[in-house]
Structures are given as C-alpha cells and as structure tokens.
Amino acid sequence: MPSKGYSVGESVMVKWPGSALWYPAMILSIEDDEYKVRFEEGTEDEVTAESIRSAASFRRRSQSKSPSRRRSRSRSPARSPSRQRVSRSPGRKTPAKTKTIISQSKSETKVQLTPTRSKRLLATRSTTEVHTYTTRSSTKSGHQILEPVVDIKTGKVPKTVHYEFGGPFGAFFIMVSLPLFIYYLYFACSKEECSLQLWPAHTCDWRDYFDLEAALLFLGWMGLQAFFYLLPIGSVVKGLPLRNGQRLDYKLNGFFSFILTLILFGGLLYKKYPVAMVYDKFLPLLTTAFIFSIVLSIFLYIKARRAPGHALAPSGNSGNFLYDFFMGHELNPRIGNFDFKVFCELRPGLIGWVMIDLAFVVKVWTDFPENPPWALLLVTFFQMLYVADSLLFEHAILSTMDIIHDGFGFMLVFGDLVWVPFTYTLQARYLADRPSLAVMPDYCLVIVLAFGLIGYYIFRASNSQKNAFRENPYASQFASANVLITASGKRLLVSGWWGWVRHPNYLGDILLALSWSMCCGFGSIIPYFYPIYMLVLLVHRERRDSDHCRQKYGNVWNKYCAQVPYRIIPYVY
Ligand code: NDP
C-alpha cells in the first residue's frame with residue numbers, strides 16, 4: 001500500500017478530491033484508512049490512502065528537464081510511486097495496474113459522515129499545482145484496464161476507440177432520420193388529424209418550408225439571446241478542471257435572459273405586435289433552425305480541426321469525419337469568452353420553447369377570448385416551470401455529461417436548437433390546433449396538475465440533494481447519510497433519493513413529461529411522443545452515465561449499484 005509509512009505531521013502530496021490535481025499538504029491525523037490533511041492554503045480535508053503520495057516522488061518528477069519526457073511518464077494517481085515508470089501504453093495490463101485494483105477495493109468504505117470544517121475551495125487553487133493525468137478504467141467483472149484520458153506522450157486527448165450510438169453508421173442514420181422525423185411529426189399531427197400514418201399529407205411547395213421573414217426572425221432571435229448572454233450581468237464561475245488542469249470561466253445569466261425575454265414578449269404583446277405569427281411560421285422556422293444547425297456544426301468542426309490537442313472531446317476524436325462531426329470534435333468551442341456549447345444548451349432552444357408555447361396561447365386566446373384554453377395554459381405553465389428551473393440552476397450544467405464529456409457537434413447543436421424547441425412544443429401545438437377540443441373536465445386537469453407537481457418535486461429535490469452533496473458532502477444534512485468513498489476520495493451518496501433509486505432525477509423528469517401529455521387527453525398517441533422519447537433517452541443516458549461512473553470509480557460504483565439496484569423506474573428493471 002502506498003500509504004504505509006506516512007506519519008502525522010509529514011509533508012506529502014494529496015490529490016484534490018474529484019480532480020486530477022495534486023497539492024502539497026500535511027497529514028494531521030490518521031484513523032484506519034482515513035487521513036485528515038491540511039493543504040498549504042489552509043483547507044482541511046479527509047482522504048483515503050490512494051490520494052496520498054510522498055513529496056519525494058513528485059520532486060523526482062519535476063527534476064526532469066524535458067517537458068516531453070515529463071509527460072511521457074505514466075501518472076496514474078492510483079499507482080504507487082515506485083511503479084510509475086512501468087507502462088506507457090494505454091490499455092496495456094500490467095501487474096501494477098492489477099495491484100491498483102486490489103488497493104482500490106480495499107478502500108471501499110461505508111462511513112457515517114460527520115460535519116467538518118472543511119470547505120471546498122476548488123475555485124481559488126492556483127499555486128504550486130502539479131498537473132497529473134487522470135486515468136480511466138473500464139471494468140469487466142471488476143478487473144480494470146487503465147487508459148489515460150490524455151495521451152501520455154503527446155499531451156493530447158487520445159483517439160476515441162469506443163464508438164457510441166452505433167459508430168459512424170449510427171451517427172449518419174441519426175443525422176438523416178431525426179430531421180425527417182421532426183417533419184414527420186409536424187405533418188402527422190396537424191390540424192386535421194393527429195395519428196400515426198406511414199405517409200402523412202404534406203406540402204411539396206418549398207415556399208411552405210422556407211421564407212425570408214421566418215429566417216430573419218430566427219436569426220434575430222439567436223442574435224438577441226447572444227446579446228443577453230454577453231451582457232455584463234450575472235456571476236462568472238469556474239468550470240470543473242479540464243485535462244490540462246485549466247478551469248474555464250462561465251458567465252451565468254440564463255435566468256436573467258429568460259426574464260428579459262419574457263418582459264420583451266409582454267412589451268411586444270402590449271404593442272400589438274403579431275407574436276402569434278410564430279404559430280403560422282412554425283414550418284419555415286423549423287427549416288431555418290435546421291439549416292442553421294448544419295452551418296454551425298460545420299463551422300464548429302472546422303474550428304475544432306485547428307484546436308490544440310488537449311481541447312478535443314474524448315468522445316469525438318475518432319478520426320472518422322462523420323462520427324466526430326456528429327459527436328463534436330472540440331469539447332468547449334469558444335471565441336473569446338463566448339462559449340458556444342453553454343450558450344446553445346440553455347438559451348435559444350430552451351427559452352425559444354417557452355416563447356413558442358406562449359405564442360400558441362396568445363393565438364388561441366385571441367381567437368377565442370371567451371374561452372380560456374386551460375389545458376394549453378397548464379402545459380405552458382409546466383414547461384415554463386421546467387425551463388425556469390433549468391435556468392435558475394444553470395450552474396448545475398457545468399458538471400453534466402454534456403459539458404464535461406461530450407464534444408459540441410451536430411448531436412448537441414441539433415438537439416439544442418431544433419429538437420428541443422420544435423418537438424417539445426408538440427403538446428402545446430396539438431392543443432393550439434384544437435382550440436375547441438374538450439380534452440377532459442376541468443377538475444381532471446387539477447389531478448394532472450397534482451401529478452405534474454409530484455414529478456417536479458422528485459426531479460427538483462433529487463437534483464438539489466445531489467448538488468448539495470457535491471458542493472459539500474460534510475454539510476450537516478449529510479451527517480448521518482450513508483456514503484461510499486471512491487479511490488479518488490470523491491464520495492457517492494447512498495441515502496435519501498439516491499439511496500432509493502439510481503437517477504431519481506430522471507424518474508421525476510419522466511413523470512413530469514407524462515403530465516404534460518396528459519393535458520392533451522387520450523385521443524391520440526402522438527402527444528405522448530415526448531414521455532416515450534424521454535423514457536428511451538433517459539434509460540440510454542442512465543446506462544451511458546453508469547458506464548462513465550464505472551470507469552471513474554471502478555468497484556466502488558459496482559458496490560453502489562449493488563446497494564441501490566433499482567434504476568429510474570423502481571422495481572421494474
Ligand atoms: P445527473 O445530474 O443525474 O448526473 C449524473 C452524475 O451524478 C454522475 O455522472 C455522477 O457524477 C453523479 N452521481 C451519480 N450517482 C451519484 C450518487 N449516488 N451520489 C453522488 N453523485 C452521484 O445527470 P444528467 O446530467 O444526465 O441530468 C441532469 C438533469 O437534466 C436530470 O434531472 C435530467 O432528468 C435532466 N435531463 C433532461 C433532458 C431533457 O431533454 N429534458 C436530457 C438530459 C437530462 P460525479 O460522480 O462525477 O459527480
């Protein structure tokens with residue numbers, strides 16, 4: 001064990017929990033496998049043996065004169081100093097790696113946390129950094145094959161060797177079929193009819209698909225949201241450490257942009273500007289958004305080709321043009337402080353979704369002022385709540401898979417700008433197309449409201465619980481929580497929502513989605529497309545996330561899964 005021989009008062013190097021960075025620290029106390037340490041700038045923390053190295057091993061490394069030679073050493077944090085030269089080949093198994101696993105499994109500890117004075121100061125740590133490269137480990141039956149996240153020799157993100165979404169063929173299929181599917185949904189669920197048909201009635205006149213007014217409206221919308229994003233309002237926070245140790249600054253003013261947009265919408269309405277035109281221009285707006293997403297994806301791919309190797313996305317660096325174009329070649333494409341991914345993820349598409357809903361409400365209520373469209377109002381309320389929630393908790397996106405793992409390519413661009421605003425508005429469009437439809441008695445809508453609020457509560461409470469735990473696992477609310485400590489020192493919560501089911505937040509999301517569709521009654525399956533799609537998406541996402549967590553946490557993740565066997569829908573699978 002690398003920990004053997006450490007004593008209280010000794011100066012060592014300690015890996016900052018949850019990151020790949022090592023800092024000088026002093027051991028304050030030792031209890032079983034828990035080391036209380038104090039970093040140089042005063043932060044105290046508790047870590048396991050795997051997060052400690054002797055200071056001498058780092059000094060040896062920094063004496064190396066050639067930067068490339070320095071990089072060429074394997075820096076698996078979990079490996080003992082004496083074996084750090086053993087293997088440089090990603091994926092090659094060595095006895096040292098096997099030993100890592102054994103020591104890791106020994107560190108699996110179920111503890112009762114007590115509040116400590118420890119504070120997370122990740123954002124301010126900049127001095128005496130010793131950058132190391134984390135390792136990923138894919139686990140088969142508990143055995144690991146370690147794989148550096150940054151190529152040890154070149155300092156670049158290594159080639160993507162594991163394809164997702166069916167590889168280049170799957171990527172091509174998705175890129176062709178999803179846009180076709182959105183047009184299919186538009187025509188299959190029209191004013192006249194809303195049912196699954198093989199070949200729904202559709203127009204062949206290109207002017208129905210594209211017009212200049214809609215194109216200018218869309219571009220104006222993108223420009224407006226970009227302008228709000230760039231306003232010097234809102235807080236600037238640091239993202240999670242990147243592979244080279246750098247932490248990007250992110251401007252968080254999404255909720256402010258949302259409020260400004262709502263005020264602007266109200267102003268336009270007051271001035272009798274025909275906001276309901278969005279209803280009539282839905283098809284050309286969709287086409288413009290689609291063309292825009294292709295152009296933006298091409299631009300991002302070209303930009304990524306010029307990006308430094310460490311800035312590429314681990315999931316979109318296969319060398320296959322189609323696949324990388326789809327997955328996103330660069331992780332965080334930016335021009336200056338303008339972060340394309342964070343901007344597109346939360347603003348034009350999400351806020352646009354609510355604006356489309358509101359335009360539909362205006363259209364129906366103007367046409368039938370004596371008859372408030374309660375079901376449409378309820379859908380709009382739910383979806384506004386959902387979007388406002390995402391923007392209010394905007395900081396949470398910085399630790400999502402989309403930001404830290406996925407590149408920004410066609411998959412996310414199309415999803416953010418086309419898929420979200422033009423399919424998630426399906427229930428509202430269904431109701432706007434049928435203003436006189438008595439979906440259900442009004443009192444039934446109250447039941448739907450209650451159902452949706454329960455879904456939202458599960459969604460919000462579980463997300464907040466995890467966020468609070470990630471921010472400070474020592475907070476008093478987790479004092480008696482069951483926790484698993486991983487080899488990196490990061491903890492997994494096995495109590496509360498996260499001890500009941502894996503990804504309770506996904507469960508809440510699905511219930512909420514179902515409530516939106518229930519507002520449309522039970523006359524057609526098509527308005528239920530969204531909850532069905534969410535179920536498929538989140539089941540798939542849960543599996544992807546579970547694979548990532550297994551890579552990050554190895555056997556401790558397996559142990560978590562054993563203790564919390566239920567996934568998304570409890571007791572079903
Ligand atoms: P989560 O917010 O659930 O984050 C998953 C991460 O949480 C894991 O990678 C792990 O990261 C951490 N984690 C998992 N289990 C535990 C545990 N027991 N204790 C502590 N940490 C744990 O996933 P997403 O980013 O996918 O989703 C965020 C929200 O967005 C969800 O509410 C989801 O429903 C919603 N969503 C909505 C979509 C839509 O289209 N409407 C699409 C996708 C998501 P680590 O250990 O590194 O912290």
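Whatever order the structure lists ligands and atoms in, that order sets their numbers, starting from 1.
With a 4.0 Å cut-off on non-hydrogen atoms, Tyr386 touches ligand 1 through its side chain and not its backbone. Only the side chain of Tyr530 comes within 4.0 Å of ligand 1, judged by heavy-atom distances. Proximity of Leu537 to ligand 1, defined as any heavy-atom pair under 4.0 Å, is confined to the side chain (atoms from C-beta onward). Within the 4.0 Å heavy-atom criterion, the part of Cys549 lying near ligand 1 is the side chain and not the backbone. With a heavy-atom cut-off of 4.0 Å, Arg541 touches ligand 1 through its side chain alone. Of the heavy atoms in Tyr424, only side-chain atoms (C-beta onward) come closer than 4.0 Å to ligand 1. Contacts with ligand 1 closer than 4.0 Å are made by side-chain heavy atoms of Asp545 only, the backbone lying farther away. Contact annotation: for His503 versus ligand 1, heavy atoms closer than 4.0 Å belong to the side chain alone. Only the side chain of Asn463 comes within 4.0 Å of ligand 1, counting heavy atoms alone; its backbone N, CA, C and O stay farther away.
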ring-ring contact (aromatic ring centres under 6.0 Å, His included) between Phe529 and Phe181, intermediate numbers included: CA-CA 12 Å; Phe529 158 73; Phe181 183 72; 5.2 Å; yes
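For atom 1 (P) of ligand 1, the nearest protein heavy atom lies under 4.0 Å away.
Taking every heavy atom of both residues into account, Ser257 and Tyr229 meet most closely at OG-N, 4.4 Å.
Because its NZ or CZ atom is not both nearer than 6.0 Å to the ring centre of Phe165 and within 45° of the ring axis, Arg541 does not count as a cation-pi partner of that residue. Geometric assessment of Arg347 against the ring of Phe258 yields a negative cation-pi assignment under the 6.0 Å and 45° thresholds.
Note that CG of Leu240 and CZ of Arg470 are 10.5 Å apart. Values are rounded to the nearest 0.5 Å.
Aromatic rings of Tyr186 and Phe282 (six-membered ring for Trp) have centroids within the 6.0 Å cut-off, being under it.
Nearest non-hydrogen protein atom to atom 35 (C) of ligand 1 is Asp509 OD2, 3.3 Å. Scanning the protein for heavy atoms near atom 19 (N) of ligand 1, the closest one is Leu493 N, 3.0 Å.
One side chain, Trp419 or Tyr533, offers a donor N or O that lies under 3.5 Å from an acceptor on the other. In this structure, a donor-acceptor pair under 3.5 Å is absent between the side chains of Thr425 and Arg429.
Taking all heavy atoms of His548, Arg491, Lys466, Arg502 into account, the minimum distance to atom 6 (C) of ligand 1 is reached by Lys466.
Close approach of ligand 1 to Lys490 is summarised as follows: ligand atoms under 4.0 Å from at least one heavy atom of the residue are 45 (P), 46 (O), 47 (O), 48 (O).
Salt bridge present: Asp249 and Lys238 bring a charged side-chain N and a carboxylate O closer than 4.0 Å.
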